[in-house]
Number of protein chains: 2
Amino acid sequence: MAYRPTERTEARRIAARERVVAAARELIAAGGYRAASVAAVARRAGVATGSVYRHFPSKADLLVEVFRRASQREVDAVAAALAEGGVAAGVETFARRALRGRRLAWALLAEPVDPAVEAERLAFRRAFRDAFAAALPAHVADRELAAAALVGAVGEALVGPVSPTGAGHDEDALVAALVAFALRALSQEEPVPC
Amino acid sequence: MAYRPTERTEARRIAARERVVAAARELIAAGGYRAASVAAVARRAGVATGSVYRHFPSKADLLVEVFRRASQREVDAVAAALAEGGVAAGVETFARRALRGRRLAWALLAEPVDPAVEAERLAFRRAFRDAFAAALPAHVADRELAAAALVGAVGEALVGPVSPTGAGHDEDALVAALVAFALRALSQEEPVPC
DNA sequence: GTCTATAGAACGATAGAC
DNA sequence: GTCTATCGTTCTATAGAC
């Protein structure tokens with residue numbers, strides 16, 4: 001009789017795959033992409049090195065999946081904050097989550113990585129932009145542009161503080177400055193030349 | 001007697017190297033990193049494919065040099081505009097140069113590329129940040145943070161318009177919106193919640 | 001009995017230590 | 001510059017599910 005996967009073996013396969021993804025996420029959150037070698041991921045997941053390739057065609061594919069899931073978590077959290085408390089809450093949530101998990105934030109925002117993952121990073125920023133665009137005050141004219149500028153501003157301002165070489169920052173002061181920057185940028189005031 | 005390079009051969013070597021760099025820049029400016037295969041670069045530079053590796057240890061090293069030079073040009077132009085006309089002029093120069101050379105701007109700002117070049121992109125953004133920080137109005141408190149936010153805002157807002165899949169935009173309207181965004185963000189107004 | 005999934009060593013390439 | 005360690009990936013034998 002030919003071999004056919006059953007519910008039981010399928011569940012095992014999925015569980016092993018999940019362990020691999022979780023192990024990679026944890027390693028990246030602790031030490032960035034450098035720490036997530038295939039051997040290290042396999043060891044932490046409790047599978048053999050070669051077995052990683054039964055679940056993912058390449059390491060890049062694994063990283064893409066890990067990146068996609070982690071970034072989706074961030075987008076969801078920010079979108080929820082935006083719906084609850086508007087732009088200020090969205091910016092604050094974005095920044096506080098990044099500062100609380102600096103190493104992961106660095107991996108998501110700026111750490112150099114395989115181009116396949118970089119492409120995912122573009123999608124990640126687009127998702128943030130769309131979330132902010134939906135929450136902008138009504139008077140804003142080009143909402144997509146303003147939302148992109150906002151995401152770029154917050155993201156880039158955080159790159160320094162979350163970078164491994166970055167000095168320690170006062171979290172509250174940083175968040176306050178970022179929120180103020182965003183609210184001023186979105187205000188209806190006539191801009192004054194400087 | 002052992003071979004020793006003369007002035008003449010050294011000049012030839014440098015000239016050939018420059019042609020390779022120029023060819024790579026032109027190909028990237030026309031079709032992004034995809035268009036800059038080593039074979040295509042060599043053909044355009046008028047050298048043999050293998051000769052590229054006489055000047056650069058790897059393709060990544062060549063790309064890093066091209067990226068560094070191209071990004072330095074942009075930083076210099078923006079820094080000059082900042083010194084001449086302040087933040088508004090700096091933002092306008094940044095945006096207009098990007099929109100005039102969209103494909104190159106895309107390559108510099110966002111196109112997924114080898115991690116070695118990504119590292120250069122981080123330096124590129126830091127250089128922009130420092131240039132803006134030096135030109136901020138005196139009342140701005142955390143100048144480094146504000147400058148980073150500004151660079152992120154302008155850069156990210158341009159990613160859509162300069163992307164190969166991006167629709168056509170009204171350049172003047174885009175520039176005006178970006179300058180206004182920046183000036184409001186840097187104003188002394190008390191931010192109003194939204 | 002037939003076939004898959006897994007483990008773990010082996011391989012060529014490369015990056016970092018010295 | 002040389003060398004070693006480690007990387008991503010592939011291969012082969014085996015255990016186990018059907």
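Chain letters run A, B, ... following the sequence lines, proteins first and then strands; every chain starts at 1.
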Measure [atom1]/[X] against [atom2]/[N] and give the value in whole Å, please.
| X | N | atom1 | atom2 | value |
| --- | --- | --- | --- | --- |
| A/Y53 | D/dT9 | OH | C1' | 5 Å |
| A/R19 | C/dA7 | CZ | P | 9 Å |
| A/R34 | C/dT14 | CZ | P | 17 Å |
| A/F56 | D/dG8 | CZ | P | 15 Å |
| A/E10 | D/dC18 | CD | P | 11 Å |
| A/L62 | D/dG8 | CG | P | 10 Å |
| A/R43 | C/dG8 | CZ | P | 13 Å |
| A/K59 | C/dA13 | NZ | P | 19 Å |

Of the listed nucleotides ([options]), which one gets closest to any side-chain atom of [X]?
| X | options | value |
| --- | --- | --- |
| A/A48 | D/dT9, C/dG8, D/dA17 | C/dG8 |
| A/H55 | C/dT6, C/dA7, D/dT10 | C/dT6 |
| A/R54 | D/dT9, C/dA7, C/dT6 | C/dT6 |

Between A/R13 and A/E18, does any NZ, NE, NH1 or NH2 come within less than 4.0 Å of an OD or OE carboxylate oxygen?
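No, A/E18 and A/R13 are not salt-bridged.
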
If you take all heavy atoms of B/A24 and B/A36, which pair is closest and at what distance?
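That would be O-CB, 4.5 Å.
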
For a quick check of understanding: with a heavy-atom distance under 4.0 Å over all strands, which category does A/S37 fall into, base, sugar-phosphate or nothing?
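Since only primed, P, OP1 and OP2 atoms lie under 4.0 Å of A/S37, the category is sugar-phosphate.
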
Categorize A/S58 for me: base, sugar-phosphate, or nothing, with a 4.0 angstrom heavy-atom threshold over every strand shown.
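If one applies the 4.0 Å heavy-atom cut-off, A/S58 turns out to touch the sugar-phosphate alone, with no base involved.
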
Nearest-nucleotide wise, let me know which of A/R8 and A/G50 is further upstream toward the 5' end of DNA chain D.
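Counting from the 5' end, the first nearest nucleotide belongs to A/G50.
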
Do the side chains of A/V41 and A/I14 join up, straight or via other hydrophobic residues, at under 4.5 Å, putting them in one cluster?
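Result: no, two separate clusters.
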
On DNA chain C, check which nucleotide each of A/R13 and A/T49 is closest to and give me the residue with the more 5' one.
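First, find each residue's nearest nucleotide; the 5'-ward one identifies A/R13.
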
Are there over 12 heavy-atom neighbours, none belonging to B/E84, within less than 6.0 Å of that residue's CD?
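No.
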
Should the ring pair A/F94 and A/F128 be called parallel, tilted or perpendicular, given that the plane angle runs from 0 to 90° and is split at 30 and 60?
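Parallel, since the angle between the ring planes stays under 30°.
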
Taking OP1 and OP2 of C/dA7, is either one under 4.0 Å from a side-chain nitrogen or oxygen of A/S51?
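Looking at the OP1 and OP2 atoms of C/dA7, one of them is under 4.0 Å from a side-chain N or O of A/S51.
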
